[in-house]
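Quick notes on the structure that follows.
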Amino acid sequence: MTDPVVIIGASMGGLRAAESLRRFGYAGELVVVGDEPYAPYNRPPLSKEVLAAEVSHEAVAFPLRDAVADVRWILGHTAVAADVTAHTVTLDDGSVLPYSQLVIATGLRAKAAELPSGMTPGRFTIRTLDDAMALRAAITPGVRVVVSGGGFVGCETAATVRKLGADVTIVTRSTPLARVLGEEFGREIQRRQEAHGVRFIVGSCVSDVLGDDRVTGVRLDSGQTLECEVLIDAVGSLPNTEWLDGTGIDISNGVRCDEQLRALTPEGTIVADVFAIGDVARFPNPVFDDTARRVEHWNIPTECAKHIGKVIAARHRGEPEPAEPFAPVPSFWSDQFEMHILAFGLPALGTSATLVEGSLDGDCVFEYHRDGQLVGVAGIGLRSVVQGYRSKFMSTAKAA
Amino acid sequence: MIKVDVDMTKCQHYGQCVFEAPNIFRLNEDDKLEYLAEADDAERANIEAAIDVCPMQAIFILED
């Protein structure tokens with residue numbers, strides 16, 4: 001009897017991988033391990049609905065389809081080690097799981113900024129359901145909130161808590177969202193957030209938390225202090241790969257993979273029977289170039305899951321594995337106040353951003369180019385127009 | 001034929017389904033979702049992909 005396919009990580013990527021394996025005909029045993037006590041749930045509502053209303057796990061849980069009814073879920077446990085020669089994973093309770101194929105779907109965790117005072121009551125991250133529910137309890141009208149970080153999580157969370165009546169300041173090293181969508185786009189997001197009363201301190205970062213028993217304020221690297229009752233850390237995330245130490249897998253920034261999402265050593269050798277998917281996977285994408293990148297965009301876990309399901313199912317049947325490389329077009333969206341941002345591709349790769357539709361102070365669409373290739377499109381509003389750029393994008397894509 | 005259903009009380013018109021199944025889903029000029037309630041069987045994989053990426057989990061296939 002063959003050992004099960006073991007998926008480490010029970011978020012969207014892990015769930016979709018299990019479903020995909022079944023969809024492509026893998027009928028053998030499937031084990032999914034998750035560190036949270038919850039069955040897979042949908043994370044986008046965490047910075048929105050979950051903060052704004054009494055939302056429970058049931059409301060955000062993914063429906064478990066019949067196809068995955070016989071999956072063995074091991075929830076509330078973390079993988080602590082893997083032996084890629086013996087084909088086993090060890091969990092935090094000492095149990096050892098043998099695998100025929102291993103799927104790494106451990107995702108990211110919120111980067112707790114390295115502050116001298118550590119996690120004081122009043123300080124929150126927002127990555128898990130428990131994080132969001134804890135933060136919700138702390139948000140009351142008039143509460144003073146500092147959001148550390150001007151990325152998507154920071155901007156969306158700021159908008160949600162502002163709508164709940166909090167007094168909000170975002171502290172960010174650079175223009176919000178500029179790293180992903182460019183300077184001009186980011187400045188406009190800032191302007192519109194400010195119109196709703198969100199304050200920004202750009203060019204600075206939180207260097208210390210004030211207050212002994214609970215947060216009473218923060219000190220910035222500029223020396224400036226801000227009084228607040230709540231600090232939300234949204235300064236980014238770290239790949240959960242420590243459990244892979246010593247396996248020989250390249251975990252220098254997530255799990256380095258080849259174009260089939262097979263894990264690689266630092267020398268570029270395939271580690272037999274190990275795949276990585278989702279936010280934790282660093283993979284080359286022929287749509288753009290041959291540089292391996294981690295891509296934290298919405299559809300990537302699902303696209304990865306589809307790909308490895310096909311490969312592993314074929315492998316189990318002893319059939320030739322599909323030769324087409326993994327070549328997804330990332331897509332993502334963000335809602336902040338009345339702004340509906342929609343984007344696809346990798347706008348962050350663009351060396352130029354050009355306004356192609358509308359006007360910056362209203363609805364607008366930007367194209368992002370690099371070396372003559374359209375690498376991404378993003379808009380505020382005009383979502384149907386953004387969609388319409390898809391064929392232009394595909395026609396200049398490297399893989400087309 | 002496949003019967004497609006979208007819970008329009010949940011749909012937020014994020015447009016992720018349109019990327020996966022452009023023959024079935026589209027955003028109209030007002031950026032609101034429109035979709036075909038009946039689709040050819042050849043579209044099943046695309047519709048399933050759309051169901052998977054829907055941020056609001058609002059898309060369903062009605063099985064007979």
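Just so you know, these numbers come straight off a predicted model, no measurement behind them. Side chains are part of it too, since the values below use all heavy atoms of this structure and drop only hydrogens, waters and symmetry mates. The sequence lines fix the lettering, A, B, ..., with proteins before strands; numbering per chain opens at 1.
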side-chain contact (heavy atoms from CB on, under 4.5 Å) involving A:V375 - partner list, sequence neighbours excluded
A:F288, A:L349, A:Y368, A:R370, A:Q373
Taking all non-hydrogen atoms of both residues, which atom of A:F283 and which atom of A:P328 are closest, and how far apart?
CE1-CG, 4.1 Å
Would you name the heavy atoms of A:A10 and A:G34 that are closest together and state the gap between them?
CB-CA, 3.6 Å
Suppose we count any N or O donor within 3.5 Å of an acceptor, strictly below that value; which pairs fall between chain A and chain B?
unit_1	atom_1	unit_2	atom_2	d
A:R16	NH2	B:D52	O	3.1
A:R23	NE	B:E48	OE1	3.4
A:R23	NH1	B:D52	OD2	3.4
A:N42	ND2	B:P55	O	2.6
A:R65	NH1	B:D52	OD1	2.8
A:R65	NH2	B:D52	OD1	3.1
A:W298	NE1	B:V53	O	2.7
A:S331	OG	B:Q16	OE1	2.7
A:D335	OD2	B:Y14	OH	3.4
A:L382	N	B:D31	OD2	3.1
A:R383	N	B:D31	OD1	3.1
A:R383	N	B:D31	OD2	2.8
A:R383	NE	B:H13	O	3.4
A:R383	NH1	B:Q12	O	3.4
A:R383	NH1	B:H13	O	2.7
A:S384	N	B:D31	OD1	2.8
A:S384	OG	B:N28	O	3.3
A:S384	OG	B:D31	OD1	3.1
A:Q387	NE2	B:G15	O	2.7

Nearest non-hydrogen partners of B:C54 and B:I59, listed with the distance:
CB-CD1, 4.0 Å
Which word best sums up how the rings of A:F337 and A:H196 line up, parallel for under 30°, tilted for 30 to 60°, or perpendicular for over 60°?
parallel
Please assess A:L51 against A:I126 for the test side-chain contact (heavy atoms from CB on, under 4.5 Å), listing each intermediate value before the final yes or no.
CA-CA 10 Å; A:L51 284 184; A:I126 183 159; 4.0 Å; yes
